[in-house]
Every structure is written in C-alpha cells, then in structure tokens.
There are 4 protein chains.
Amino acid sequence: MTNIAILVGRIARDPETRTTQGGTTVTTISLVTDRPARDKEGKTYKDENGYTAKDSEFHRVTCFNGLGQNVAKYCSKGQLVSLEGRIHYTQWNDQDGNKRYGCEILADKVDFLSRPNRSDNQDAPPIDED
Amino acid sequence: MTNIAILVGRIARDPETRTTQGGTTVTTISLVTDRPARDKEGKTYKDENGYTAKDSEFHRVTCFNGLGQNVAKYCSKGQLVSLEGRIHYTQWNDQDGNKRYGCEILADKVDFLSRPNRSDNQDAPPIDED
Amino acid sequence: MTNIAILVGRIARDPETRTTQGGTTVTTISLVTDRPARDKEGKTYKDENGYTAKDSEFHRVTCFNGLGQNVAKYCSKGQLVSLEGRIHYTQWNDQDGNKRYGCEILADKVDFLSRPNRSDNQDAPPIDED
Amino acid sequence: MTNIAILVGRIARDPETRTTQGGTTVTTISLVTDRPARDKEGKTYKDENGYTAKDSEFHRVTCFNGLGQNVAKYCSKGQLVSLEGRIHYTQWNDQDGNKRYGCEILADKVDFLSRPNRSDNQDAPPIDED
DNA sequence: TTTT
DNA sequence: TTTT
C-alpha cells in the first residue's frame with residue numbers, strides 16, 4: 001500500500017554513517033524542510049532579520065547500502081537535496097524502561113540539487129542515486 | 001519547500017474529534033499502510049494463517065476544519081482511504097519533565113475508496129474532500 | 001531529478017500485453033482518475049443520474065517486465081488500483097509525416113485495491129508488485 | 001481520486017502568460033526533468049562532452065490566477081523549481097480536422113529553488129506560492 | 001473507456 | 001541543526 005514521502009530541503013549537518021555486523025551501510029541525515037510561517041490572520045511575516053519567517057521541520061532520513069554509501073560520500077551540511085522514501089515508525093525502551101517512539105524516512109532515492117559544501121569534496125562528481 | 005506524504009491504507013479505529021477554544025475542528029485518525037514483509041533473503045513469506053506476512057505502519061493523521069468535520073462524519077474503522085498531507089513533528093514535556101517527540105501527518109485531502117462501515121452511516125453520500 | 005506520478009483510479013479496460021523482440025514484456029493499461037466537476041461558481045453538482053458530476057482523466061500506463069506480467073495476469077477492467085511511476089513523453093511521425101506527441105506513465109509499482117473482476121481470476125492471490 | 005505529479009527541474013524558457021476574457025491569468029512554463037541515460041546493459045555513460053548522458057522530459061506546466069501571476073513575475077529560464085500538480089489531458093481538432101491530443105501539468109504549488117536569472121528580477125523577493 |  |  002502506498003506510503004510515500006517526498007521531501008526537498010537542506011541537510012542540517014553532515015551525515016552519520018555506520019556499518020552493521022551484517023555489512024549493511026546505514027547513513028542518517030537530518031533534512032530541513034520549511035514553509036512560510038503564518039500569523040493568526042494567516043499572513044506571512046518577517047523575522048527580526050528581514051527574512052520571511054518560516055516553520056521548519058527536521059526530518060531524520062535513513063539510507064541503506066549503496067545509497068547510504070553515496071550519501072555519506074557526497075552529501076554535506078547545507079546542501080539542497082530532494083528525496084523520496086517511506087515513513088517508518090520505530091519504538092524502543094529507554095533506560096528507565098519507558099516505551100519511546102520515533103519516526104524516520106527510509107529513503108529510496110536521493111538527488112543532489114546543489115554542489116557539496118565540504119572542502120574535501122570540491123570536485124566530487126554528480127552521483128546517480130540508484 | 002516540498003514536504004509531501006501520500007498514503008493509501010485502512011482506518012485502524014473510528015476517528016476522534018474535538019473542537020478547540022478557537023472553534024477549530026481537529027479530527028485524528030489512525031491509518032495503517034502495509035507492505036509485504038521480507039525475510040533475510042529478501043523474499044516474502046506466509047504467516048501462520050497462510051496470508052503473505054506484512055509489515056504495518058500506523059500513521060497518526062490530523063485533519064482540520066471542514067476536512068476534519070467530513071472525516072469525523074463519514075470515516076470509520078476499516079475503511080480504505082487515500083490521503084495527501086505533510087509530515088509534522090511535535091514535542092512536549094511529559095509528566096516527568098522529559099522531552100518527548102511525536103510525528104503526525106497533517107492532511108490536506110482525504111479520499112474515501114470504500115463505503116463507510118458504520119451502521120449509522122449506511123446512506124452517507126460520497127463526500128468532496130475540499 | 002524528481003519526476004513522480006502517483007495515481008489512484010479504476011482500470012478502464014482489460015490490459016493489453018505484448019513481448020518485444022528482446023523478450024521484454026510490455027503491458028499497457030488505461031487508468032481513470034476522477035474528481036468532482038465544478039460549475040462556474042466552483043460548486044459541485046449532480047449529473048442526470050443523481051451522482052456527483054465528475055471530470056475524468058484517462059491515463060495511459062505502461063508496465064515492463066515482471067510488473068508487466070503481473071498486471072497482465074491479475075489486473076482487469078473495473079479494478080481499483082494505486083500506482084507510482086514517472087511521466088514520459090513520446091513522439092513519432094504519423095502516416096502523413098506529421099509529428100505527433102503522446103504522454104504515458106511508466107509505472108514502477110502497482111497496488112491492487114480491489115479484487116479482480118475477471119471470471120477467470122476469481123481466486124487470484126494478492127500480488128507483490130516488485 | 002489521487003492524481004498527483006511532483007516535479008523538480010529547470011525552466012527551459014521564460015514563462016508565457018495571458019489573461020482570459022474572464023480575467024483569469026494563465027501562465028505556461030516548460031520544465032525539464034532529467035535522469036541518467038542507461039545503455040542496453042543498464043549502465044550510465046558519458047556523452048561527447050564528458051558529462052553523464054541524460055534522458056530529458058519536457059513538461060508543459062500551466063499555472064492559474066495568483067500562482068500564474070507569481071510565476072510570470074519571478075520565474076525565468078534556467079531556474080531550478082519544484083512543483084506539485086495534477087496531470088491533465090487535452091484534445092482539440094487541428095486545421096485539417098484531425099483529433100489531436102495533449103498533456104499538461106496543472107500546478108497547485110511552485111517552489112523556487114534557485115534565484116531568478118533575469119536581469120530585471122535581481123532583487124525579486126522570495127515568493128509564497130499559495 | 002471505469003466505477004459509485 | 002540548514003539556507004536565503
């Protein structure tokens with residue numbers, strides 16, 4: 001059944017990557033999407049710096065295997081990215097034995113809409129995400 | 001910036017609806033999307049009842065105003081529904097003062113793909129969701 | 001770059017399928033999506049049969065390989081289907097040498113939301129579309 | 001019923017805009033989405049200039065009313081844009097009386113992902129698309 | 001050309 | 001926690 005998330009936003013910090021015991025690469029990014037904030041009358045307004053105020057959402061996005069490797073290699077803080085994936089909910093018990101819930105986007109495809117910002121990636125080639 | 005969720009699934013339980021002090025109707029539904037579960041070899045398998053095993057996601061979906069009223073009126077447990085909205089994260093402090101996080105889909109449109117199941121809605125007309 | 005079409009609708013007629021010289025299965029379906037028609041005041045209205053009048057779009061959807069085989073096998077006229085794909089434009093010269101243009105959806109996934117209607121498929125199992 | 005197109009691409013030429021007799025602004029843009037081209041083995045390859053070869057789709061996108069006005073005002077050739085809309089098919093008779101068919105995306109939202117390129121728009125403010 |  |  002259809003469970004699709006489509007996001008275009010900026011990478012909030014450099015990706016985190018790890019390899020599972022089974023050899024799977026798992027890369028996590030934080031992606032910010034924002035939209036104009038509205039006051040009670042439904043109108044947009046400026047923030048103290050003169051920019052249109054906005055409401056931001058910070059999405060936790062997880063990428064596996066080859067996609068995870070590419071994202072870890074070519075993706076960096078500040079980059080503009082579009083991606084497609086599905087919404088997945090997680091749960092676990094915290095140290096106090098309380099049930100905790102999380103939500104993440106499991107990405108199927110990631111497209112890079114701006115060049116990498118990391119100094120060590122200045123000539124990174126465009127990547128094909130699948 | 002693009003933040004779109006598109007879901008097709010079944011309503012897990014009858015909607016809950018309330019009205020804020022400001023007069024806004026807020027209706028919440030739990031929507032289940034599922035996909036075939038895969039074993040370690042990536043193959044689908046049967047559960048103990050002979051059905052293809054599945055992984056289910058339970059989405060919390062919130063509908064405001066007229067859409068919230070229609071969903072409260074015409075939507076019921078078991079119904080097949082398609083919807084479009086955006087992903088929104090919430091946070092609050094629990095009774096122990098710990099920060100807690102939640103995730104919900106704020107729906108823009110809801111389409112009913114099967115007839116209502118509630119006895120009191122047998123002749124509910126098809127609704128136009130916007 | 002993102003090019004995504006997401007459709008939920010009914011199959012307008014039984015699928016057509018063929019195999020290319022290279023052995024690729026190519027199955028084509030006609031999918032109808034509709035939305036409430038609106039009059040000049042932007043209001044919905046009833047047709048002569050008492051149903052809410054609607055505007056219909058007939059999408060040409062193409063499915064390749066295994067997906068094409070499944071769709072040919074299990075899909076039939078009248079079935080409710082959700083699908084994801086991308087928009088593709090074609091062009092060719094007609095018999096008079098005029099350039100002609102077409103548009104089709106190349107499907108990546110197809111989900112069956114209702115049982116098949118064909119008498120020879122009454123006990124077709126649910127299919128996994130990828 | 002769900003009929004959603006989501007596109008991220010570049011504007012191929014400056015928008016064309018007109019006003020109907022009824023006073024509706026209608027703006028049309030050509031949006032290019034591309035993806036890596038694949039050879040028969042399914043691998044990407046380089047073109048004669050050393051770039052990864054790509055397959056391009058040129059979408060005709062139509063925007064009405066306020067959205068049409070904003071797009072006409074702030075949008076220009078070369079700009080990177082993300083948009084959401086629905087697929088619509090048109091038909092008409094050509095000068096020889098033959099039935100001709102077209103396809104366009106009727107946009108609901110347009111987001112500008114890069115600054116305008118037109119010299120007369122250098123200090124255009126960011127726009128809110130709805 | 002579908003279905004309610 | 002991003003960017004304009």
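Lettering of chains follows the sequences in order, A, B, ..., and the numbering in each one begins at 1.
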A/Asp55 CG to F/dT3 C1', straight-line distance once rounded to whole Å: 16 Å
For the side chain of C/Arg13 and the base of E/dT1, is some donor closer than 3.5 Å to an acceptor across the two? yes
Contacts table for residues 97-107 of chain D: side-chain donor-acceptor under 3.5 angstrom, sequence neighbours left out:
unit_1   : atom_1 : unit_2  : atom_2 : d
D/Arg100 : NH1    : D/Asp94 : OD2    : 3.0
D/Arg100 : NH2    : C/Lys99 : O      : 3.3
D/Glu104 : OE1    : D/Thr62 : OG1    : 2.6

Can you check the B/Gln79 CD to E/dT4 P distance for me, whole Å? 15 Å
Which of these nucleotides, E/dT2, F/dT2, F/dT1, is closest to any side-chain atom of C/Asp34? E/dT2
Integer-rounded Å distance: F/dT2 P and A/Leu31 CG: 13 Å
Contacts of C/Arg18 that satisfy salt bridge (Lys or Arg N to Asp or Glu O under 4.0 Å) - sequence neighbours left out: none
Would you say the side-chain atoms of C/Thr2 and A/Ser82 include a donor-acceptor pair closer than 3.5 Å? yes
Which of A/Lys54, A/His59, A/Glu57 passes side-chain hydrogen bond (donor to acceptor under 3.5 Å, both in side chains) with A/Thr33? It is A/His59
Measure the distance from CG on B/Leu80 to C1' on E/dT3 and round it to the nearest whole Å. 14 Å
Rounded distance in Å - CZ (D/Arg115) to P (F/dT3): 16 Å
Protein-nucleotide distance (C/Arg35, atom CZ; E/dT4, atom P), rounded to Å: 21 Å
Taking the minimum atom-to-atom distance to the side chain of C/Ser30, which one of E/dT1, E/dT3, F/dT2 wins? E/dT1
Would you indicate which nucleotide in E/dT3, F/dT4, F/dT1 comes nearest to any side-chain atom of C/Arg10? E/dT3
C/Glu57 CD - E/dT2 P separation (whole Å): 16 Å
Of C/His59 and C/Tyr51, whose nearest nucleotide on DNA chain E comes first from the 5' end? C/His59
Could you state the CG-P distance from A/Leu113 to F/dT4, rounded to the nearest angstrom? 14 Å
